[in-house]
Amino acid sequence: MSSAGRRTLVYAIIAIIVIAAVGGSAYYLMRPRKPKVIKVGAIFPLTGALAEAGKLQKYATEWAVGEINEAGGIKSLGGAKIEVVWGDTECDPSVASSEAVRLITAEKVVCVVGAYMSACTKTVSDSCEKYKTPCLNPLSTSPALTMRGLKWFFRLTGHDALFCKQHWDFIKELNEEKGLGLKTFATMEEDTEWGVKSGEAYIEYGKAAGFEHLIDVRYHRGAASLDSEVAKLKEANPDIICLTMYTPDAILFVKTMYKLGFHPKIIIAQDVGFVHPSYKKEVGEMGYWIMSREVFNWDLATVSPKIKAKADEYKAKYGVDLEGCAARTYVAWHVLALALEEAGKEANPWKDLDGFRAALRDALENLEITPEEWADLPWAITTYDGVKFGGLRTGEAGQNIKAWGIIVQMFDDGKYYTVYPEKYATKKAVAPIPW
Amino acid sequence: MVDLWLLGQATTSGLLLGCIYAVVALGLSLIWGVMEIVNFAHGDFLMLSMYLSYFLFTYLGLDPLIGSILGFLMGLALGLIVEKGLIEKVLGSPPIVTILVTFSVLLIIRYGAMAAWGPGVKTLHPWYFMAILDLWGVRISMAYLIGALISLAATIALHIFLKKTYTGIALRATSQNRLAAELLGIDARKMYTLSFCIGVALVGLAGGVLSTFYYVIPEVGGRFCMLSFVIVVLGGFGSLLGTFLGGLIIGVAEEISAIFIPPVMKDVVAFIIFLLILMLKPSGLFGEVAR
């Protein structure tokens with residue numbers, strides 16, 4: 001080849017390289033980008049005996065995350081959308097633990113939200129602690145969960161000890177106000193972490209309130225019959241019975257109580273089984289006058305336009321009434337979004353996942369929402385006085401110390417009405433039960 | 001000192017519940033006795049029958065006792081489909097194969113029910129649920145009593161069928177010695193199909209009975225299936241009388257033990273009694289010793 005020809009060839013090669021470089025760069029810069037997502041694990045009982053509660057939590061999660069993403073996602077992370085990665089506890093603590101490990105190590109979630117059953121939340125939070133991943137719990141209420149010295153576990157709802165104290169303050173007030181002459185109580189609870197701890201709290205605070213504890217009946221969850229258990233209660237003849245049960249057992253208990261003619265003066269329950277839509281639908285008049293603690297009730301909408309709007313929206317979307325399980329889960333995701341915003345200012349989850357998880361943990365620990373701020377937040381539909389994680393008892397940590405509940409009672413129209421505290425009450429409590 | 005009323009209430013509840021446990025276990029006993037296979041899907045056929053009763057009651061107003069009869073018929077049909085479609089094809093294979101087949105049926109039924117009807121708890125309240133018989137302070141739900149009477153009737157009917165009819169005798173012959181039965185002209189394959197169909201039909205009947213007082217969820221079969229295994233082994237393989245008595249023993253043991261010890265331990269007592277009986281008589285109460 002002549003020198004002119006070689007020169008032409010070189011120029012041509014250089015031109016091709018330059019064109020390729022410019023074209024490739026332009027394509028890279030202008031290519032349609034997949035929006036960044038921030039993965040958060042959600043572990044609920046999606047199958048198993050408590051799958052109904054899992055379904056409600058799933059609704060609430062989809063609802064809340066949809067709102068957060070539509071509002072622009074996590075702005076400090078460039079508008080990244082939250083992507084929920086589901087885990088199923090199958091109502092089994094060992095499965096729950098495995099699911100948490102899967103979500104953390106394989107799916108690389110920044111945080112885990114879950115897990116409903118206290119026994120499952122315990123193992124999930126243990127796994128999160130081991131892998132230094134924040135765990136935000138919307139609604140497990142065993143007091144022991146925040147007494148383990150964990151640094152990565154945060155519980156938004158109040159726990160059973162707080163609720164029990166509230167119950168006994170209420171019963172004491174009622175006893176004095178109406179001159180009921182109530183003196184004795186009995187407790188009945190299922191045998192998992194939640195039931196056992198709730199039962200213990202009822203006994204502790206009941207005795208502290210000056211009532212005599214006659215008998216504790218602990219039964220195996222999912223029992224085929226509660227005849228002997230209820231017969232024992234009937235024989236003891238307490239004035240007050242305090243119950244801790246999931247939905248199927250609550251239905252069986254109420255039916256058995258009717259069957260055996262057990263008629264205490266006051267029946268008060270630890271939410272869960274006694275407030276689920278299935279329970280209310282299935283027990284009918286057998287459930288009248290039973291009281292329960294709650295953190296949300298439909299009649300809050302009559303005292304709060306904000307709550308009414310949200311309750312109507314949920315009902316239109318999912319066809320069921322908003323209740324405490326869904327309400328607390330919904331609120332938890334919004335609280336998490338606030339923490340993600342703060343964490344996003346300090347760390348980048350796509351470059352340093354561990355660093356981001358630590359930043360998120362710090363953000364949750366430092367998060368504070370005052371009662372006034374809570375009142376203004378459009379998604380703050382539970383009866384908390386705000387959010388601040390800490391401890392109310394020696395050795396407690398990660399507990400939202402502003403999480404209080406309400407007490408509701410089923411009246412003879414089949415609906416639960418709020419009867420305590422007074423600022424939320426829409427009816428006066430009926431006591432003793434008019435058998 | 002235990003109150004006599006409490007003891008009387010627990011014993012009565014235990015006997016009535018035991019009858020119902022027995023009818024749930026009868027079908028399993030028959031299948032096990034004739035075919036020598038473990039039907040792990042037993043409890044889930046029960047669950048399907050309970051849902052059938054629930055839907056018939058809720059949407060058509062049909063009494064669950066009629067639902068029991070329809071559950072029986074549904075069980076016959078389901079039993080035929082499962083036996084002909086699956087079990088028959090693996091008979092003669094190592095036991096693990098039939099275990100896996102019936103376990104697979106369990107998973108399909110259970111998770112299919114979950115997908116179709118959701119996890120929500122359902123109950124039905126026929127008029128007799130609210131009717132209570134009060135005998136000197138011992139309260140008996142009419143639903144329990146009717147359920148127990150149906151269980152007793154089903155056991156007697158099955159007993160008469162097996163003892164007095166040619167087909168029943170042929171079934172028993174097949175369960176005792178398949179080869180000898182075939183030499184006598186009995187089609188063992190047909191007997192297997194029949195026993196499986198009747199077994200599932202009986203649990204279909206039991207589902208209607210149980211739905212009159214127990215809640216219905218996709219998981220409900222699991223607990224009763226486990227109890228059925230215990231009852232069948234306790235009573236002796238293939239022994240109807242043994243199964244019935246086994247049901248009564250477990251029912252009474254559970255209810256009476258709950259008044260003396262923390263009720264959370266009552267299952268443990270029932271299983272301890274089960275183990276003690278087996279230690280004294282490994283073939284079960286009325287089972288025959290293997291030669």
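Each chain gets a letter, A, B and so on, in the order its sequence line appears, and its residues count up from 1. For the numbers below, each heavy atom of this structure counts, side chains included, while hydrogens, waters and symmetry mates do not.
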Any idea which of [options] has the most non-hydrogen atom pairs under 4.5 angstrom with chain B?
options: A:Lys259, A:Met286, A:Glu52; value: A:Lys259
options: A:Asp227, A:Thr47, A:Val283; value: A:Asp227
options: A:Gly261, A:Ser228, A:Ala223; value: A:Ser228
options: A:Ala231, A:Ala51, A:Pro248; value: A:Pro248

* Asked: Contact part of A:Leu260 toward chain B, heavy-atom cut-off under 4.5 Å: side chain, backbone, both or neither?
  ->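 Both parts, backbone and side chain.
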* To do: Counting only heavy atoms closer than 4.5 Å, note whether A:Thr256 contacts chain B via side chain, backbone, both or neither.
  =>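 When you check distances to chain B, no heavy atom of A:Thr256 falls under 4.5 Å.
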Less than 4.5 Å to any heavy atom of chain A: does that hold for the side chain of [X], its backbone, both, or neither?
X: B:Tyr144; answer: side chain
X: B:Leu124; answer: backbone
X: B:Leu7; answer: neither
X: B:Ile132; answer: side chain
X: B:Lys122; answer: both

* State which residues pass side chain to side chain contact (heavy atoms under 4.5 Å, CB included) with B:Val268; sequence neighbours excluded, sorted by chain then number. =>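 With sequence neighbours excluded, B:Val268 shows a side chain to side chain contact (heavy atoms under 4.5 Å, CB included) to B:Met265, B:Ile272, given in chain and number order.
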* Asked: Listed by residue number, which members of residues 212-222 of chain A have a heavy atom under 4.5 Å from any heavy atom of chain B?
  ->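 Answer by number: A:Val217, A:Arg218, A:Tyr219, A:His220, A:Gly222.
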* **Flag side-chain contact, heavy atom, 4.5 Å: A:Glu282 against B:Tyr215** =>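 The answer is no, as the side chains (C-beta and beyond) never meet within the 4.5 Å cut-off.
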* Looking at B:Phe129, is A:Lys255 sitting on its ring face, NZ or CZ under 6.0 Å from the six-membered ring centre and within 45 degrees of the normal? ->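 Output yes; distance and angle both within limits.
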Quick one: [atom1] on [X] to [atom2] on [Y], what's the gap to the nearest 0.5 Å?
X: B:Met114; Y: A:Lys55; atom1: CE; atom2: NZ; value: 10.5 Å
X: A:Lys232; Y: B:Ile259; atom1: NZ; atom2: CD1; value: 8.0 Å
X: A:Glu229; Y: B:Ser13; atom1: CD; atom2: OG; value: 10.0 Å
X: B:Arg139; Y: A:Tyr258; atom1: CZ; atom2: OH; value: 7.5 Å
X: A:Lys234; Y: B:Gln9; atom1: NZ; atom2: CD; value: 7.0 Å

* Asked: Taking atom types as modelled and ignoring hydrogens, do the side chains of A:Ser225 and B:Glu254 form a donor-acceptor contact shorter than 3.5 angstrom?
  ->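 Side-chain D/A pair, A:Ser225 to B:Glu254: absent.
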* **Atom of B:Phe213, atom of A:Leu252 and distance for their closest heavy-atom approach** =>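 Looking at all heavy atoms of both residues, the shortest contact is O-CD1, 4.2 Å.
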* Tell me, yes or no, whether the heavy-atom count around A:Trp435 atom CH2, taken from other residues, nucleotides or ligands under 6.0 Å, exceeds 12. =>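 Enclosed: over 12 neighbouring heavy atoms sit under 6.0 Å from CH2 of A:Trp435.
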